[in-house]
Amino acid sequence: KNQNPIIDKTLSELYDNLYSSPTRSIPEVAKLEEMIFRAIVELEQQSFTNNSNAVVNLASQINSLVEERNRILKTHN
């Protein structure tokens, strides 16, 4: 837990979104998965700076990428 409630809420939402995502992968989402991975690494680095704006922005970006990945997976069957 972080001392900043905005960061806590944002990271909790991101965790829920990632946790509920399908574990399978297809070639069509490989680029998105790489972008997600890189953004998570950056999020980890920013979390040590306690820069709430950067953390919230990165978490939102990751959420968008995860939602796009999940949409592609859902429509691919």
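What you are looking at is a predicted structure, and each value in this text was computed from that prediction instead of being measured.
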Can you list the residues that meet the side-chain contact (heavy atoms from CB on, under 4.5 Å) rule with [X], with sequence neighbours excluded?
| X | answer |
| --- | --- |
| A54 | Q46, N51 |
| E33 | S25, V29, R69 |
| Q45 | V41, E42 |
| L18 | L14, I40, V66 |

Report the distance from atom [atom1] of [X] to atom [atom2] of [Y], rounding to the nearest 0.5 Å.
| X | Y | atom1 | atom2 | value |
| --- | --- | --- | --- | --- |
| L73 | T23 | CG | OG1 | 9.5 Å |
| L65 | E34 | CG | CD | 11.5 Å |
| I72 | L32 | CD1 | CG | 5.0 Å |
| I36 | S21 | CD1 | OG | 7.5 Å |
| S47 | N4 | OG | CG | 12.5 Å |
| I62 | R38 | CD1 | CZ | 13.5 Å |

Minimum heavy-atom separation for [X] to [Y], with atom names?
| X | Y | value |
| --- | --- | --- |
| V55 | I7 | CG1-CG2, 3.8 Å |
| N70 | P22 | OD1-CD, 3.3 Å |
| A59 | T10 | CB-CG2, 3.2 Å |

> What residues, two or more places apart in sequence or in another chain, satisfy side chain to side chain donor-acceptor pair (under 3.5 Å) together with K9?
Replying inline: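 Only E13 meet the side chain to side chain donor-acceptor pair (under 3.5 Å) criterion with K9.
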
>> Y19: which residues meet the ring pair (Phe, Tyr, Trp, His ring centres under 6.0 Å) condition with it, sequence neighbours left out?
In response: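 Y19: ring pair (Phe, Tyr, Trp, His ring centres under 6.0 Å) contacts with Y15.
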
